[in-house]
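Structure first, commentary second.
Start at 1 with the first residue, then count along the sequence. Computed from a prediction, not measured in an experiment: that's the story for all the values here. Note that ligands are numbered from 1 as they come in the structure, with each ligand's atoms numbered from 1 the same way.
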Amino acid sequence: MPIILNTLKTKIENKTAQIAVVGLGYVGLPVACMLAQTGYTVKGVDIDQTRVEKINKGISPIEGIEPGLGELVAEVSESGRLQAYTSTDVLNSVNVVLVSVQTPIEDHDHKPRYKHLQTALEAIAHAIQPGTLVIIESTLAPGTMYNIVMPELEKQSQLIVGKDLFIGHCPERVTPGKLLHNLRTMSRVVGGYTPQIAEVMATLYGQYVQGDLDTTDILTAEIVKTGENAYRDVQIAFANELALICESLGGDFWKVRNLINKVPGRQVLFAGGGVGGHCIPKDPWLLIANASHDARLIPTARQVNRAMPEHIATLTASALESYDITPETAKIAVLGYAYMENSDDDRDTPTAALLQLLNADEIRVHDPFVPDYQGDLEAIINGVDAVILMVKHDVYVAQNWQQILNKMQHPIIIDARHVIADDFGVGNATIRVVGRG
Ligand code: SAJ
């Protein structure tokens, strides 16, 4: 191992290494806090002045229920172990830089948009000293480290990767609502430019990660992260397609699913109203972005999942029509705006797509976690012609659905998440469950 790298490893081991985290969002901030709590002096950098000020006051800028994060931000800010800045000039005195900036995809061609990453790389390259380790934690299209990150850093810093500049890719595996828990417990793929660099990276992550630290090469790390989420998207698409087949045959996906899953090696996931969130809809496109292979399954799975809100809108329209309710008079309540149950996160939520497709005189939206939609559930449901259940929040599962039906103008429920128990006495109500013909 080069002496300069060995020196860095020693600094990491005795916690004298100065660490920086660029990007203090739902990944960067918990990472910065965990490293500070572990005993490092951490400089956090973010372009958002308000976010920086909040953190330096010991306040977490992240909304939603994140167990332990608020207290941890206060603790490490108070102790001075974490200080936040808007300027990347502070990077001229650090030994390790972690980068957690967003890597979205373009809507029109699904190609990655690396504006934030490139801005960060340019600023980092101009500030860092020889011997610095730069680790990208953002999710990347395979090939990005070699084709964009490495050339950008070398060109702007005049340093040479492997000689006086070290790079690696360690993609994050966080989920909103359990950021700190996942950061501590999930195994990590630690991709180093060289095995020695991967070893030094693992020394750092080993300070707070209890899961496995699987050291490997950079390309493998890029493919694993995007692949694990593309895999999930395809699994969900299979469940959705099987549900549509069941509906068309007059079958019941929920019964079929349970019986298939009794077979060893089968695990059909849940059909639903669509796939939202910050990673599953995006990562499949990152996986195939630079691949010369003409991927067909993965884009098709994306199409299947993106079409589910339209299916829910169709089920709704046909149910209203069966009661001779026209769009001009229809009143609909949509329950659930977040992209997943018991979360306030509404990034890429299927409900937003559904709302674009519904045709009604009045549409009321409710969500117990999303500030814009936290109205009184009973008042929202009162007098509507149809209720659409888009998210399986616990509060909806716990409802007395007979009482709800009694308050509605017409007894129509479109259940996109199998919220209502199978033993519910439907009576004369019309309850259309996704996957049930
Ligand atoms: N969904 C379905 N059917 C399913 C599962 C999910 O329709 O069977 C929908 C959800 O309603 C949601 C979307 O897909 O709209 C995504 O749900 P998710 O459970 O995959 O949750 P995410 O998006 O937070 O995924 C994250 C990912 N974790 C990371 O990227 C680090 C994913 O790899 C994890 O598998 C997932 O959390 C998890 O299992 O918690």
Less than 3.5 Å apart, any donor N or O on the side chain of [X] or [Y] sitting next to an acceptor on the other?
X: Glu53; Y: Gln49; answer: yes
X: Thr103; Y: Tyr114; answer: no
X: Lys15; Y: Gln207; answer: yes
X: His311; Y: Glu247; answer: yes
X: Ser187; Y: Arg173; answer: yes

Answer with side chain, backbone, both or neither: which part of Val174 has a heavy atom less than 4.0 angstrom from an atom of ligand 1?
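It is the backbone that touches ligand 1; the side chain stays farther off.
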Do any nitrogen or oxygen atoms of [X] lie less than 3.5 angstrom from nitrogen or oxygen atoms of ligand 1?
X: Tyr339; answer: yes
X: Gly276; answer: yes
X: Glu172; answer: no
X: Glu341; answer: no
X: His278; answer: no
X: Arg173; answer: no

Please state which protein non-hydrogen atom is closest to [atom] and give its distance, to 0.1 Å?
atom: atom 3 (N) of ligand 1; answer: Phe270 O, 2.8 Å
atom: atom 1 (N) of ligand 1; answer: Ile236 CD1, 3.7 Å
atom: atom 20 (O) of ligand 1; answer: Arg232 NE, 2.6 Å
atom: atom 26 (C) of ligand 1; answer: Thr175 OG1, 3.5 Å

Hey, do the aromatic rings of His393 and Tyr337 have their centres closer than 6.0 Å?
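Between Tyr337 and His393, which both carry aromatic rings, the centre distance is not below 6.0 Å.
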What about the rings of Tyr323 and His410, do their centers lie closer together than 6.0 Å?
yes
Minimum heavy-atom distance between Pro284 and Cys279, given as atom pair plus value
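In terms of heavy atoms, the two residues are closest at CD-O, 4.1 Å.
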Could you list all the side-chain hydrogen bond (donor to acceptor under 3.5 Å, both in side chains) pairs where at least one residue sits in residues 23-48, not counting sequence neighbours?
none
Using heavy atoms and a 4.0 Å limit, tell me yes or no: is [X] in contact with ligand 1?
X: Gly274; value: yes
X: Arg417; value: yes
X: Gln235; value: no
X: Met340; value: yes
X: Ala239; value: no

For Lys225, take its heavy atoms, then give the atoms of ligand 1 lying under 4.0 Å from any of them.
29 (C), 30 (O), 31 (C)
Numbering the atoms of ligand 1 from 1, which are under 4.0 Å from a heavy atom of Asn229?
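Here the atoms of ligand 1 in question are 27 (C), 30 (O), 32 (C), 33 (O).
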May I ask you to check if Arg257 and Phe270 form a cation-pi contact, with NZ or CZ under 6.0 angstrom from the six-membered ring centre and within 45° of the axis?
yes
So does Asp233 pair up with Arg302, basic N to acidic O under 4.0 Å?
yes
